[in-house]
**Q** 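My questions all concern the structure below.
Since we're looking at a predicted model, the values are computed, not measured. All chains are named by letter (A, B, ...) in the order of the sequence lines, taking the proteins before the strands, and each is independently numbered beginning at 1.
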2 protein chains.
Amino acid sequence: MNSFSAAQRSRVTMLDVAERAGVSKASVSRFIGEDRALLSEAIARRIEQAISELGYRPNQMARGLKRGRTRLIGMLVADIRNPYSIAVMHGVETACRRHGYSLVVCNTDRDDEQERQHLALLRAYNIEGLIVNTLGHHRDELLDLRSEMPLVLVDRKVDRLESDLVGLDNPAAVKIALDHLEQRGYRDLLMVTEPFDGTSSRIERVDSFKSGIEQRPALAGAVVEIDNQLTARIQAFLAQPGPGPKALFCANGIAALATTQVLRESGCHLFDDVGLIALDDLDWYPLVGSGITALAQPTAEIGARAFECLLQRLRGDNGPVRTVDFAAQLIERGSTLGASR
Amino acid sequence: MNSFSAAQRSRVTMLDVAERAGVSKASVSRFIGEDRALLSEAIARRIEQAISELGYRPNQMARGLKRGRTRLIGMLVADIRNPYSIAVMHGVETACRRHGYSLVVCNTDRDDEQERQHLALLRAYNIEGLIVNTLGHHRDELLDLRSEMPLVLVDRKVDRLESDLVGLDNPAAVKIALDHLEQRGYRDLLMVTEPFDGTSSRIERVDSFKSGIEQRPALAGAVVEIDNQLTARIQAFLAQPGPGPKALFCANGIAALATTQVLRESGCHLFDDVGLIALDDLDWYPLVGSGITALAQPTAEIGARAFECLLQRLRGDNGPVRTVDFAAQLIERGSTLGASR
DNA sequence: CTGTTAGCGCCTTCAT
DNA sequence: ATGAAGGCGCTAACAG
């Protein structure tokens, strides 16, 4: 009935090529696959010609069905609208393509039910490996998958799920930030983070911040989560007397956006009244006020490395679980020029 | 050799379920598919139990192979790092899932060769429909695909490729912008656009701008592309005498980023020295200077509508090609407060 | 209602 | 070096 379903069925198949070239399907299959060396020059040429004349494309579904290799990698992303996720995903995709794999991205929108559906889906399509950047509730499903295919975590751990993990060295990053702020003369700090939902990197950053503050007698510090009280909380922080010049530390790009919004609404002069440093480096950081100092993550590398981990496991590496920590890079801009203005 | 390839093969199959439930594969298949009504209560229950006991998941590859229906939709995106593309993609994906489809996204990074590879790939995986947001060189490939499956263009046309098109009403959007700028007292305008590479929406915006200027005696206008001369060009525009207050019109988010950068470097006070209006509405627009006035695109709707077009075609609609134009929405911020400061 | 029988397009022994 | 045959997991007639 539909003009397309008919067309779909009429696609040229391996048999067509074989007949056209006057050879068997097996030979065509060998030509398609890695066994081209086993073919005589003459036959190879005839097959090649038949293929191009007919415009033949092997059907990956059928190949996957037979060989159990789909050349598909799945990626579970918590929030596709987070620039960090996009950047990592781009790195993963590039690495995938370079190695002949394709990437199927599933966005969970931070929703547990969607995560479950997507996991079922990815499994149904026989992906060969999975890259996970979500909270990973549904540990059952994940454990199931884990037993069928390699799995690499990005940025955030999943509770009691042992797997390779690629991400940022959060304690080191926080240390860089604190060193920088202290050196620039800031004394009273407030870390702004997205709400605690179990995200391990978020927790690490906050914990490192707290312990860092404790170890530095000169500094005072507190932490607030983003919620509808944020404006009030930040304004209170700015108003209250403290040990010295104040600065805000945004735990990621989302926090940086929310915080900057609050500062503007509060009529702050960015950034003379208060310092600001943010994790992640988004393209608009330089444009706001005197520019936002950033701790950039090597997102492309993180993505590429995540895929490489997967590839090693696919190739049979059964060694112990690894953790790869990348270093953040400090990019100084106007928002931490110092309390001495 | 690899522990995973073994696991992969040992996945529970339909036959396992059938034996466990003491029925035939056909019954299991009916249970899985839409024909559940044809089964007796007793058998259905036994199958259901066997499935849950064994943790059976149908293999979509095999289903797709047999039925010619993969429930997969492909999307070709020119630049995954463009927020517009992300937003649209999110809309598409949501619509897909709501209708039981999954989305395979391919990012071409504006590279023709990658576009070709991705097209081959999508075809190899038997996607049922394609959403295209690229320049669409390789018209041959696209025409081939077009004959096999429905295809919907987003935002930009592809030369001599007749297909449904979902995007923005660019002339109307530009008119809104010009009306707004003129009403606010700006008289000397400069449109900043990404380089002309054939992108139809880009051309439409520039053409509408030019003809709009011609129709308004009070206004003067010119156009510049983003290149390494951009800073010089914008500075020249700002320095030269003109018919009145000056404003910049950024043809999309990328242009807005580049332009704002230049203005900062040039020491402009954002936005007292010069007005600014930008197409797209990115989350950081409110944060820069006094805030950037935007023409927001309904990206989620655009994405959803693109998928719905596809779905209609998949359901057999062979009617004439349609074009869906959405309206931009003006969001006023500080950057067009007017020349009267 | 249910089971049997053929394949979908491809890969892989096993012969030749 | 090549071909024939069987099967990957599933669906779609056809019988019963």
**Q** What's the gap between dT5(C) and dG6(D) when it is taken at their C1' atoms, as a whole Å value?
**A**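 My reading of the C1' atoms in dT5(C) and dG6(D) gives 16 Å.
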**Q** Under 4.0 Å: is that the gap between some side-chain N or O of Tyr125(A) and OP1 or OP2 of dG9(D)?
**A** no
**Q** Counting only distance, no hydrogens or angles, is the base of dG9(C) paired donor-acceptor with the side chain of Arg11(A) under 3.5 Å?
**A** no
**Q** Taking the nucleotide of DNA chain C with the nearest heavy atom to each, does Arg30(B) or Lys25(A) sit closer to the 5' end?
**A**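 It is Arg30(B) whose nearest nucleotide is closer to the 5' end.
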**Q** What nucleic acid atoms does Thr13(B) come within less than 4.0 Å of, heavy atoms only: base, sugar-phosphate, or nothing?
**A** sugar-phosphate
**Q** Which label fits Tyr101(B) and Phe307(B): parallel for a plane angle under 30°, tilted from 30 to 60°, or perpendicular past 60°?
**A** perpendicular
**Q** Please state whether the phosphate of dG3(C), meaning OP1 or OP2, lies under 4.0 angstrom from any side-chain nitrogen or oxygen of Ser27(B).
**A** yes
**Q** Would you say the side-chain atoms of Asn59(B) and Arg11(B) include a donor-acceptor pair closer than 3.5 Å?
**A**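 Note: Asn59(B) and Arg11(B) side chains miss the donor-acceptor criterion.
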**Q** How do Ser24(B) and Ala62(A) order along DNA chain C: which one's closest nucleotide is nearer the 5' end?
**A**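 Its nearest nucleotide lies further toward 5', so the answer is Ser24(B).
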**Q** Examine dT11(D): is either OP1 or OP2 under 4.0 Å from a nitrogen or oxygen in the side chain of Arg63(B)? Give yes or no.
**A**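 Result: yes.
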**Q** Would you indicate, yes or no, if dT2(D) has its OP1 or OP2 atom less than 4.0 angstrom from a side-chain nitrogen or oxygen of Ser40(A)?
**A** yes
**Q** Measure from CZ on Arg67(A) to P on dC10(C) and round the result to the nearest Å.
**A** 12 Å
